[in-house]
Structures are given as structure tokens and as C-alpha cells.
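Structure first, commentary second.
Reminder, nothing fancy here: chain letters follow the sequence lines and each chain counts from 1.
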Amino acid sequence: MSTRIGDRHPGNGSSPAPMPGVATPGRAPRRRTATPARAELTAGDVCAFMVRAERALVRHRSLLDRLDAKLGDGDHGENMSVGFGDGVRSLAVSDEAVEVGDLLRRLGHLLVGAVGGAGGSLYGTAFIEAGIAVAGRSSLDPGGMAVALDAAAAGVARRGRCRLGDKTIYDALRPAADAFGAAVEAGDPPDLALRRAVVAAREGMRATRPMVARRGLAMRLGERSRGHQDPGATSCFLLLRALLRPRERDA
Amino acid sequence: MTVPAVPGGGAAATAGDEDRRRILEDAQREADTVFAQYQLSQLVALGGSLRSMAASVIGELVRASDAVAGALWLAAPGGRDLALVAAEANGAPPPPAFPAAAAADAWARSSGWYGVALDERRDLGDGELDAEVVGFLALRPPAGDSLPPDRIRLLALVRHELAIAFRAAQLREALAAEQALLAAILDGANDGIVAVDRARRVVRANPAAMALLGRADDGAGLACRALLGCDAPAGGAPRAPDAAAPGAPPAAASPGGPAGDEGPGQGGPLRCGPRCAFEAVLEGPEHLVEGEPLLLAADGTEIPVAASFSAMPGEQPGAVLVLRDLRAERAAEELRSSFLAAVSHDLRTPLSLISGYVDSLLALDLDPAAQRRSVERIGHAATRLQELVEELLELTRLEQASLELKRARVDPGVLLAGLVRDLGESPGMPPVHVAVPSDLPAVEVDPVRIGHVLGNLVDNARKYAGDGTITVTARRARGMVVVSVQDEGPGIPPEERPLIFDRFYRGRLAREARVRGSGLGLYVCRRLVEAHGGRIWVEPEPRRSAVSFSLPPARRRGTAGAARP
């Protein structure tokens, strides 16, 4: 297939229309204008998510760089926007028909190499672990999404050897995965559960500000790392918020 | 971790599941190791202080290895003793030092730690490897546990990189300390120091050099000629070939000979030999002393300097010039010789008087009146000698700053009247009038020392002023008590006024009129007045001669004793 999804959405903000959900064979076309509560997440949704994620990262690139300059080497925004740009460009229309888990794993392996710095390993691991956790399913019901998010958080914790309070990606990702799981268990519709997850990620991100870094380059700053919001937790919040479709974002 | 579903199922699939699980686990561990290695590389790549780097590396390794404690000991470059630089200890603290890596290893084995020596390997060139122990790193696994094999592998992977990184950090800090020391030495040196690179561009010039050359900038990056303005040709100039053949007569040299013999150089201040001395030391001898070249100061005056040039060997060769300002040295030399001349003259004059009168007394049959006159003259000469010796002793005490003032609180009028009375009226000498108002504040002075000052000034007035009246007055001015000694003599020429209080300075009149004196009297006066916290000066009246000195008024009673130690 020659048409690539990234070609249609270069991610530079020139195309204001969000990518519509792409119909997959045998499934009713999903329309952006009259969205019912979505029950299943497909590979097509993952493609759309990647496009939104890259846009969000490009838009917040300098913010992430600025935050990283205080704690690390100042290139997190660049690394993330470049890496996710590569991810988007790798997507083909045929990807919308593959199994969700396969697509997540493929993106994960790509991100490991495409995103510079520790972010590549950690986000790549998150995607790979999520993909492995839901392998074999063509689409994810809310329970499946909860399993994927939980596996992503567990993967980040393992690879990065981080815990809550270390001032890392995990401080945004773990609360989001937990909030999503709890909401699904309580019977909330998936859109609401996702909003709860995004709210938890935002709180987790903000909570990194007073923390003393215990992982990564910021660790060397010790007490001086206090008072700066973690760039990893910030990019993680941006990615989770990109899971919401645009009109659902007012979380 | 969720095991991926495998299509097919059955017993064979279960065995396949097991294989896949193992492969996946291995891959995960490998990825963990690679990521941990990456994290460590990131930490050491940023450099920074040795301590913060050591602390973050130990923190990272403890976390990456699920250890409960970790510690790092480092040896100084070239040393074997290991000293603790970073520790994350939960429980008994690790030992602060080991005499050698072997001792550290023995300790680790016996106390449940896992340790590795960090050795820096160097290729000796012929395939031989040399290893130097930079440090020792140890991790303590949880009680009853041992470090997992993949963590041991991680340590094996990173130990050489860590050794290099820590050694580099040690050298960086040693270099920074050395640079700070060098900067302190350069900035604090009294001699001007100018360092140039191979192209004779100024790499560094210290503040003394810039002050000597009259520049406000730091001179860095200038061509040496632009800074020193020397007129020796630069490298590549026509005279360079001659420079390469020492001993050969400089064919293109100016007929006047070495540039130093010419008038003030066209090119600027430093005038030394015909060939650039920097160039000479960069090529030939390692050290060269230029015999007293002259430096042209910003105001056009010539400053005698001693210039010594040294080569700086090494990867980036250069040369260093040390400029010593010889003005003070010269002045001291002149002072010494003028002192010797003055003192020997002053000693010889009364001595020859004494021996002359003694000779006449012995050889001639003088009448008693003539004898008496001779003896009186001998007495005067002896007194003069005594005064001179006293002056010299006083000078020595002043120079050694061991002057102790015996202060007493007195009224200036009473003090001055008493001192003038003590000076005595000699027949043939002009009288001294004292005019002091009675409402002056008290002063706290050493009366003997102030008597010495006053005696000196009155004596000077008598020597130079002839028969005119001498008046001692006192007044209050700007919070000080000012004492003036006036005479009706010719006065002191304005150009000499700032000089007469210098050591050994003798005015033109004094020299021409052959008035006796060592040039010490007014200098001693100045030092004594200054010791009291006052000043001494010549009053700026053109036709009259008046010298004044000021004394601070006494403090209130009770605190006066602590006024001056």
C-alpha cells in the first residue's frame, strides 16, 4: 500500500481537521460528528492517536525542551516530536486493519530507536509491553485497554527501575492506568474512564514538581531538582491526553 | 507479564509457550542491561564534579541491581590507597579506606558485598595492555541473597568505562585546582608576565604586565608586537633568515646596530635586541635574559626593565616573558649611594675638624684663650657627630616601624613655649618668637618627639634664614592643631616643596650654599608627625618660608590611653 497515513497528516499543524476514524472492513464506519460512546479501540484508532500525539508533542516541543533543560540535557521535546514523527510516517493505511497488539508492538520497536535519550527505551517499552499484553485481539474493549495501560506502566517501571515519587514518566502513567482500570471496573463508559485517566495523569505530572529526582540525569542534581516539573511526566500526560478525541479533551 | 496467546494449542504449543517465555525473559533482561548501561553512560558523559558523579552512579547501580547498599572508593592518580567517595548505605557503613584493591576485594568477599575493581586499561602500543586500578565499586544484595547474574554482567560491562570516567573527573578537578593556583600566582605577581603561543600571540598577560604596559584590557589574542610594541621584526620578515643562523652578521640590520641603540623605537615601547627574543627561545635556547631593555611607558618615559624569556615546551609550545620593573630597584640603589655619600661627608667634616684642632693643640703652643676656642670647636664638632648618630638611630627605628610614642596630654601653647625655651638662645642666633592662642584644644603627643620635630624645623630656619626673626605659631584648622615655623629666609622653591620631606633629599640652595646636613632631618620630621597622625607641608607662600605640621586634638579623657598602641 503506497498511501501512508502520515502523508495525509504531516503533523505540522497545517491540517486543522483531526483524522477521522478510518473504517475497517466489516465494521460500521465511525463518524466524528456523531460519536456514540466507543466500545472498542482498533488499530485505526491507534493510528489516529499517533497523529494527534505527534501534533501535541510538536506543539509543546519547546515547553518540553525548557523543562528538560532544568533537569536533563534539554532535548526531550525535540527527541519526542522527532521520534513520534517517525512513528507517524511509518504508518500505512494497511496498518488500520492489523491487530491492535501487533501495531502497538511495531510502534514500540520503532520508538525505541526513533526517540532519542531514555525516552525512546521507556516509551518504546510501554508500547511493546502494551502490545504483548493484548496480543491476538483485533480490537480492545475497555477491559483490554485497561490491561494495555497497566502493562505499559509496568513495563516502564521495570525498564526504568522507577517507583512512584522518583520524578519520572511513571508518576503520570501509573496513576492514569490505575484510574482507568478503576473507572472501567466501576462501569464507567470508556470515554469517561479515559477522561478520569487524563485527570489522574495531570495530577501526577503536577505532583512531580516538588519531588527530588531519583532516576535519570536529574538524579545528579539531588535537592536542586526540586521545584521543576518532570519533562517525562509532562510528555506522558500529553500522550495520554491525545488518547481523547479532540472534542472530548475538556478533561 | 501476560503471556501472548499462541494460536494452535495442544501439548506441542505448551512446550512452544515455554520456549517463547524463556526467550522473552532473556530479551527483557538484555534490554534492561542495555538500558541500565545507557543510563550510566549518560550520567558519566555529563561530567560535573567527581562527588556528584560518584553519588549518582552509585545510586543508579544500587537501583539497577536491586541492591540494598553500594559504595565507591577511588585511588588518587598514581596511588594505590583507596578512599571512600560515595556510599548509599543501609546498615553498617562501608570502610572509609583500603590500602589496595586486594584488601577491598577481601573485605567484600567476607562481608556479603559484591565488588569489582575499576581498572583503566591502556594499550602500550605493542599489543600489551597495562591496567591501573582507579577504584573499587561494591554492591550489597539483600541479606541471604546474591547479586543476579545479569547484574554482575552489567558491572563487568561498565567497569572500564566507569574507571575512565572517574579518572577523567579526578584529572579535571586536579587541573581546575592547578589553574586556580596558577591564576592566583599570576594575578598576585609583582612582575609582569606575558605568555605567547607559537605564533607569538598573547595567550595570557597578568595584571602587573598590563599595568606596566599601561593597558586596561587583558591583552589576550594580541600579536606580541602589538602588546609590547617591540621593533624586532616578526617571524617571516626579511631578517628572519639571519635569526636562523646565529653568529652571522645581520646583513639587513640597520647601520645603527641593535635596535636598542636607536632612539625611541618607531614600533613602540619594548626595545631589546635586533632579534625577537620570543622567536629565539621558541627555536633555540630555552632561556634568554635580555640585558636591561627599556620599556616606553604610556606617557613617553622610559622604564628600565629586566626581561627574561623562557620557552614552554609541550604539545602546544609557547614562550613566557617575565618583566621586572627596575625603577624601584634603581631608586633604592641611588638612595643607598647618596646616603653613603651624605653620611660619609657628614661624618668626615666634624672628624676632620676634630683632628685638625687636636693637631694644632698638640703641635702649637697656643695661648689659653686660643686653646679654649679650639676645644670649644672640638666640642661642637663632637656634638654634631652625636646628633648625626642620633638621627641615624632614629631613622633606623622609624624604618623598622618600632617607634613607640610616649604620649601625654598637653596644651599646645604650654608645649611649644617649653620646647622653644629648651632650644635655648645662642649668641649670634636669631631669636625665636612664640605666638600661640590660649584657646587651642589639647593634643596628646610624645613631647620629646615633637620637640625633635620643632628643633629640626627651627634649626633649618636658622641655617637657611640668616638673621631674620623666626616665629612659631599655632592655629586651629580643619579640626587639627596646626603648628607653623616661619622665617624670613629665601623660602623653598615650589618645585622642591614636595621633595624636601623625602629621605636624603637636599635642596639646591642647601647644596650650593654648602649648608651642613644629611638630608635626613625633614624626612625624620615627616615620619614623626605621621606617627602622631598628622601631616607636614611647606606653606604655599612664594616669598616666605613656612613649614607647618598638624596634630590631631586629644580624645576625651579616659579614652585617650587607647588612642594608639
Side-chain angles (χ1 to χ4, degrees), chain A residues 68 71-75 99 101-102 104-105 108-109 112-113 116-125 128-138 143-144 146-148 150-152 154-163 166 168 212-225, chain B residues 1-9 13 17 20-21 23-25 27-68 70 72 86 88 139 148 150-151 154 165-166 169:
Chain A
D68 193 33
L71 295 171
D73 43 10
D75 58 3
E99 284 182 1
D102 284 350
L104 286 173
R105 263 179 39 229
H109 285 295
V112 166
S121 295
L122 295 171
Y123 282 120
T125 300
I128 293 168
E129 293 289 333
I132 290 173
V134 297
R137 307 192 198 178
S138 59
V147 167
D150 185 63
V156 166
R158 171 184 172 146
R159 179 88 346 110
R161 306 215 148 242
C162 44
R163 306 180 197 120
D166 283 354
T168 65
V212 172
R214 288 200 293 261
R215 306 296 300 137
L217 285 183
M219 183 166 68
R220 46 190 301 118
L221 298 175
E223 278 295 322
R224 280 177 293 150
S225 62
Chain B
M1 172 169 322
T2 310
V3 179
V6 182
D17 280 359
R20 291 174 75 157
R21 192 204 307 274
I23 291 167
L24 191 59
E25 282 293 324
Q28 286 280 21
R29 266 199 298 276
E30 191 60 25
D32 287 348
T33 304
V34 169
F35 187 68
Q37 230 187 316
Y38 169 78
Q39 292 278 83
L40 283 168
S41 300
Q42 285 280 92
L43 284 175
V44 298
L46 271 198
S49 87
L50 182 67
R51 299 231 159 234
S52 78
M53 197 167 102
S56 50
V57 164
I58 285 299
E60 179 71 35
L61 278 172
V62 166
R63 183 67 70 88
S65 310
D66 294 317
V68 292
L72 174 73
E88 210 173 286
L139 298 171
D150 57 326
R151 300 296 171 255
L154 173 66
F166 283 123

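With sequence neighbours excluded, the residues satisfying side-chain hydrogen bond (donor to acceptor under 3.5 Å, both in side chains) with A/Arg161 are B/Asp66. In terms of the side-chain hydrogen bond (donor to acceptor under 3.5 Å, both in side chains) criterion, B/Gln39 has no residue partners (sequence neighbours excluded).
If you tally non-hydrogen atom pairs under 4.5 Å between each of A/Arg163, A/Arg215, A/Met219 and chain B, the highest count goes to A/Arg215. Across A/Leu221, A/Leu122, A/Thr125, the residue that shares the most heavy-atom pairs under 4.5 angstrom with chain B is A/Leu122.
In plain terms, the two heavy atoms of B/Phe35 and A/Gly160 that are nearest each other are CE2-CA, 3.8 Å. When every heavy atom of A/Gly216 is checked against every heavy atom of B/Glu60, the shortest pair comes out as N-OE1, 4.2 Å. For the residue pair A/Arg220 and B/Ser52, the shortest heavy atom distance occurs at NH2-OG, 4.0 Å.
Interface remark: A/Arg137 contributes no atoms to any contact with chain B (heavy atom separation under 4.5 Å). Within the 4.5 angstrom heavy-atom criterion, atoms from both the backbone and the side chain of A/Ala118 approach chain B. For chain A, no part of B/Arg51 is nearby; none of its heavy atoms comes within less than 4.5 Å. Contact annotation for A/Asp150: neither backbone nor side-chain heavy atoms come within less than 4.5 Å of a heavy atom of chain B. Proximity to chain A is absent for every atom of B/Ala55, based on heavy atoms less than 4.5 angstrom apart.
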